[in-house]
Protein chains: 2
Amino acid sequence: MAADRRPTLTDVAREVGVSAKTVSRVLNEDGPASAQTRDQVLAAVAKLGFQPNLMARNIRVGGPDTTIGLVIPDLANPFFGAVARAIEDTVRERGLTLLMGSSADDPDRERALTDKFLARRVSILMVVPAVGADHSHLKSHRTAGLPVIFLDRPGVGLSTDSIVSSNRAGTHDGVAHLIGHGHRRIGFVGDLPVKLYTRRERLAGYRAALQEADIPYNRSLVASAHDQQGAKAATSKLLDLADPPTALFAGNNIMALGTVAELARIKRKDVAVVAFDDVSLAEALEPALTVVAQDPEEIGRSAATTALTRLDGDRSRARTITVPTRLVVRGSGEQPAPKP
Amino acid sequence: MAADRRPTLTDVAREVGVSAKTVSRVLNEDGPASAQTRDQVLAAVAKLGFQPNLMARNIRVGGPDTTIGLVIPDLANPFFGAVARAIEDTVRERGLTLLMGSSADDPDRERALTDKFLARRVSILMVVPAVGADHSHLKSHRTAGLPVIFLDRPGVGLSTDSIVSSNRAGTHDGVAHLIGHGHRRIGFVGDLPVKLYTRRERLAGYRAALQEADIPYNRSLVASAHDQQGAKAATSKLLDLADPPTALFAGNNIMALGTVAELARIKRKDVAVVAFDDVSLAEALEPALTVVAQDPEEIGRSAATTALTRLDGDRSRARTITVPTRLVVRGSGEQPAPKP
DNA sequence: ATGAAAGCGCTAACAT
DNA sequence: ATGTTAGCGCTTTCAT
């Protein structure tokens, strides 16, 4: 009944009547071993249900653990889920496993997670930096050879590889699409906080597109929210303006959900919409939702391959990889602007 | 330029001029320590940027690692993402971190992941069992006190705690909803493989609802698919039947996406639809999508609290917790059946 | 209040 | 082809 101690290498060795090192050799296909010893060892391993203690091994070998620490804002956000899957797919053949945590965009939680990951001696650290987080504490680790990669946003206080979407250009193209259909009052439903990198970049792209068309930037057409509910309210607020927007640009996938839901609720199909980041069912909406699609698979893949290259000794200077977005025209951005 | 070795406890001890044990005492608030020693140690820790090697600590202490191994079919599936987040939220205050991997519903990949997790001496193991996977190899670990929890589906070859949705009752209610609006030819778009637990349970619920209404089960009204593209094709196939269904039940979130997308593509609003598992934008569709909503947060929370109870020594017999689903009526199930 | 020695499970380095 | 010794970084145990 007592919870038996898990068998160790030594237990297996004793069972067979060889030394621990011999068992180790067989299991790691290190050095030579007679066929008979091999078989006996393998049999004993199976019999005892022995599983090598990876922590002990790592301690001895001194190298990093075969894990990759990944900090994202929210495990349940499909965008980051897709990124995570792409990372996993890319590193799996190298035997790396994901150690994951959500920061909820809280710098303290992010720090707690990275500290834990570092204490576990992860091979690679990947972080979607929270707003307000500082990363200078990672400098020494990076210098010591730990690949550190920032995802989706650049980090602060540390120069290292970053993978980001073409936020500014993508948003520009989305907004230009709306302008091309005659819209001049275009609302921007952005996420919060306003200091968030992606928010700032996308807003900059929005402004650039306006400027290009000689449309003055109008602050009252910019609304913000933390979540989907907030995005509904923000949308509602914009449409209640005395001189309301005829088109809306949603700043990310969550804002898109809220904006679209609110328009559906109030049955306003005349409002043109383009969203940043694709969402499922976009094509089933009426009109189907036009989006600036990100490429989470490519973001994850780039991050992983970059990190693996670093792990293999690449010490060249920090790169910033910008993964292109793609305007996917589905209809929602083509409502004509009403004649003035 | 050389990658400096990470500082160890001994490095800190040497820096201060005390023994390693003293540093350990200060850091773990074990035994006593003079205020002065404390301060010196802490200062040295900060100066050297020392971070205790958790693996070394765990080796010595012998206990499990403060991680929880979680195997899900797909990191990018929002349902499992929501489950994972709920687990994380529940275990965070206990200091547990998630070690995650996707099995892609492949028994070999599942096994590879669980083996890795076991080799890392996780505190808790949670698995969404892949079809065809056997879990008897986990028996000894469970006996030895490792909490093992099956999520979403029961496991095979091991009696342990499982958390599942009320698949059968939920589907029954969804199909009954369709029947209540006059439908008698109701298609079922299910996922694959057909042996999948959730698929079987949901199909059973579908059949039960039919039987209750004295509608004969018609095999040709059941179509299946692996993914969203396949679900589109399956939907198309059903509607192309000589005597096509007037209503459809989609067996999971992915099937729902495909079914809804296909109906939108061919502009068939007359077909009633109910889906198992909620999807984002369901309310923005026309008609809004009626679903049998699962409760991923509750599934994750139940799993986590059950596991923690086990970790605290609860050795009572294995429980199966069924998390209720909820019929969320939004309109898509209320198209009247055409008069014969 | 602090230290010395031993040992967790494993493997590197040198035997034999 | 196999064994021995030492030691990874830490904590336990027992001294002092």
Side-chain angles (χ1 to χ4, degrees), chain A residues 3-42 44-45 48-66 116 118-123 141 144, chain B residues 3-42 44-45 48-66 115-116 118-122 141 144:
Chain A
D4 272 342
R5 191 176 51 83
R6 302 262 264 272
T8 74
L9 243 198
T10 318
D11 293 330
V12 177
R14 189 172 22 239
E15 176 84 11
V16 181
V18 297
S19 78
K21 178 63 207 181
T22 300
V23 177
S24 168
R25 267 196 275 258
V26 170
L27 263 33
N28 296 303
E29 302 188 330
D30 200 21
S34 78
Q36 185 190 338
T37 323
R38 265 191 90 68
D39 295 347
Q40 287 179 304
V41 167
L42 262 21
V45 164
L48 299 181
F50 168 76
Q51 257 169 329
N53 186 323
L54 258 181
M55 294 189 290
R57 172 172 220 286
N58 281 325
I59 277 293
R60 177 65 254 227
V61 174
D65 191 14
T66 56
K116 269 197 179 162
L118 292 170
R120 285 221 157 58
R121 304 299 191 254
V122 293
S123 293
H141 294 93
Chain B
D4 273 342
R5 192 177 48 85
R6 302 264 262 272
T8 77
L9 244 197
T10 317
D11 293 331
V12 177
R14 188 172 22 239
E15 176 84 12
V16 182
V18 296
S19 78
K21 177 62 211 180
T22 299
V23 177
S24 168
R25 265 196 276 258
V26 171
L27 261 35
N28 297 305
E29 302 188 331
D30 198 23
S34 77
Q36 186 191 336
T37 320
R38 265 191 91 66
D39 296 346
Q40 287 180 305
V41 167
L42 263 20
V45 164
L48 300 181
F50 168 76
Q51 257 170 327
N53 185 324
L54 224 48
M55 294 189 291
R57 171 171 221 286
N58 281 326
I59 276 293
R60 178 66 252 229
V61 174
D65 190 14
T66 56
D115 279 351
K116 268 197 181 165
L118 292 171
R120 285 224 156 58
R121 304 299 191 255
V122 292
H141 294 94

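Order of the sequence lines fixes the chain letters, A, B, ..., with proteins taken first and strands second; residue numbering starts at 1 for each chain. What you are looking at is a predicted structure, and each value in this text was computed from that prediction instead of being measured.
Within the 4.5 Å cutoff, side-chain heavy atoms of B:Thr66 are placed close to those of A:Arg120. Looking at heavy atoms from C-beta onward, A:Leu9 lies in side-chain contact with A:Ser24 at the 4.5 angstrom threshold. Under the 4.5 Å side-chain criterion, counting only non-hydrogen atoms from C-beta, B:Arg57 is in contact with B:Asn28. Between A:Thr37 and A:Thr22 there is a side-chain heavy-atom pair separated by less than 4.5 Å.
At the heavy-atom level, A:Ser19 lies under 4.0 Å from base atoms of the strands shown.
Phosphate contact (OP1/OP2 of C:dC10, side-chain N/O of A:Thr10, threshold under 4.0 Å): absent. Taking side-chain N and O atoms only, A:Thr8 has no distance below 4.0 Å to OP1 or OP2 of C:dC8.
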Q: Mind running salt bridge (Lys or Arg N to Asp or Glu O under 4.0 Å) on B:Asp30 and B:Lys21 for me, showing each step along the way?
A: CA-CA 10 Å; B:Asp30 198 23; B:Lys21 177 62 211 180; 3.6 Å; yes

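On the nucleic acid side, DNA chain D has its first and last nucleotide under 4.0 Å of a heavy atom of chain B at D:dG9 to D:dT12, going 5' to 3'.
In this structure, the helix from C:dA1-D:dT16 to C:dT16-D:dA1 shows an angle of 40° between the axis at its start and the axis at its end, each fitted on 5 base pairs and rounded to 10°.
Taking the charged nitrogens against the carboxylate oxygens, B:Arg6 and B:Asp11 have no contact shorter than 4.0 Å, which rules out a salt bridge.
Near-neighbour residues of DNA chain C inside residues 50-60 of chain B, defined by a heavy atom below 4.0 Å, number-ordered: B:Ile59, B:Arg60.
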